[in-house]
2 protein chains.
Amino acid sequence: MSQDADGIDLDTSVGYLLKEASSALRLSMEEVLKPLGMTVTHYACLELLAQRPGLSNSELARRAFVTRQSMNVLLQALERQGQVSRPAEASVGRVLPARLTPHGRRSLDRATAAVRGVERRMLADLTDADQSAALRVLRTMVASLRQG
Amino acid sequence: MSQDADGIDLDTSVGYLLKEASSALRLSMEEVLKPLGMTVTHYACLELLAQRPGLSNSELARRAFVTRQSMNVLLQALERQGQVSRPAEASVGRVLPARLTPHGRRSLDRATAAVRGVERRMLADLTDADQSAALRVLRTMVASLRQG
DNA sequence: CAATCTATGTCAGAATCCTGACATGAGTCA
DNA sequence: TGACTCATGTCAGGATTCTGACATAGATTG
């Protein structure tokens, strides 16, 4: 039964539970975003632009955990829909800073309300101390993984 | 600055950090599994079969967080490679119980060692109490999300 | 100053995964 | 018993995402 002789016990593995929780969260988000005609990456992109206006395609990709190629096709679609605007040419280097249009802002507001509901449900049975602990532990794990 | 007026603050959002941690973990796992010619889902499938021999394709899919269609093409490939065996026809219903072959078992052992190293690094800076708290909090979040 | 390195945006192709659908077998219930 | 529901394995098609590659611009380094 020990983890040393046998494989990794999935029921007590932080890694497996991390994947499970992340998967459940993504599913719940897709569920509430679908009626709004939005995907999770789509929402993430708008939310990122709301908090850091002028983020580049590559930066958005990194923070949304997709490749810049994927983010670029999304940005092109969002530009076509008038939710995001980018200058025709770069003022410095090759970076094209993206910004939310008023239309994109309205889309985001609807999505944020929906997503906030999901996050609230996810945290409903946790105390404030639990949530703080979760933040600290998750940040520690990310840092440890990255310095590999 | 409040979460009520503005959007969701990504830096203090448990949901965003969950995705970030999960993404970092997946990246690290891909990194160590690639030299072994294995994907994360591939590894997950073998690990699941080691712990619950006889799991069906659909069950494996659920526990590996992919669709049964995706798991099925993986299982077919693993059968071709001689890592997994399934009976030609079902003895009851349509369920085809899958099992690890000795060859699959050896592949899994190599992968488990690699993955255990990743998980160990991820948890290196956490106390036992932290890890217990993480397990409890993650389980609570999963349960809350599922009863939506 | 020149060479190298790094990072960006973008294009094309391939791989992956999912959505939709079908037939089959088991359980449920009137 | 018969109708209904549910779950399984599987096939085909499409959508999404990634891998690889290229030219370009800034930073770094000798």
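Computed over heavy atoms, backbone and side chain alike; hydrogens, waters and symmetry mates excluded. Just so it is clear, the model here is predicted, and its values are computed rather than measured. The chains referred to below are lettered A, B, ... by the order of the sequence lines, with proteins before strands, and numbering in each begins at 1.
Residues B/Asp130 and B/Leu123 form no side-chain contact, since every pair of their non-hydrogen atoms from C-beta on lies 4.5 Å or further apart. Using a 4.5 Å heavy-atom threshold, the side chains of B/Lys19 and A/Val40 count as separate. Between A/Leu78 and A/Leu46, the closest side-chain pair of non-hydrogen atoms falls below 4.5 Å. Between B/Met141 and B/Val14, some side-chain heavy-atom pair lies under the 4.5 Å cut-off. The side-chain heavy atoms of B/Arg52 and B/Arg63, taken from C-beta on, include a pair separated by under 4.5 Å.
Under the 4.0 Å criterion applied to side-chain N and carboxylate O atoms, A/Glu20 and B/Arg146 are assigned as salt-bridge partners. Using a cutoff of 4.0 Å between basic side-chain nitrogens and carboxylate oxygens, A/Arg62 and A/Glu59 are scored as salt-bridged.
Results of the side chain to side chain contact (heavy atoms under 4.5 Å, CB included) test with B/Gln83 over B/Pro102, B/Ser107, B/Cys45 single out B/Ser107 as the only residue that passes.
Taking a heavy-atom distance under 4.0 Å as the criterion, the stretch of DNA chain C touched by chain A extends 5' to 3' from C/dT8 to C/dC11.
DNA chain C is contacted by A/Ser56, A/Asn57, A/Ser58, A/Arg62, A/Arg68, A/Gln69, A/Asn72 of residues 56-72 of chain A, taking any non-hydrogen atom closer than 4.0 Å. Contacts with DNA chain C (heavy atom under 4.0 Å) in residues 28-45 of chain B: none are found.
To the nearest angstrom, C1' of D/dT16 lies 12 Å from CG of A/Leu74. With rounding to whole Å, A/Leu75 atom CG is found 13 Å from D/dT17 atom P. Residue B/Arg94 contributes atom CZ, which lies 5 Å from atom C1' of D/dG9 at whole-angstrom precision.
Both A/Pro97 and B/Arg26 lie close to DNA chain C; mapped to their nearest nucleotides by heavy-atom distance, the more 5′-ward contact belongs to A/Pro97.
Placement of A/Val95 and A/Leu100 in two distinct hydrophobic clusters is found when ILVMFWY residues are connected by side-chain heavy-atom separations under 4.5 Å, directly or transitively.
In this model, no donor atom of one side chain and acceptor atom of the other lie less than 3.5 Å apart for A/Asp109 and A/Thr112.
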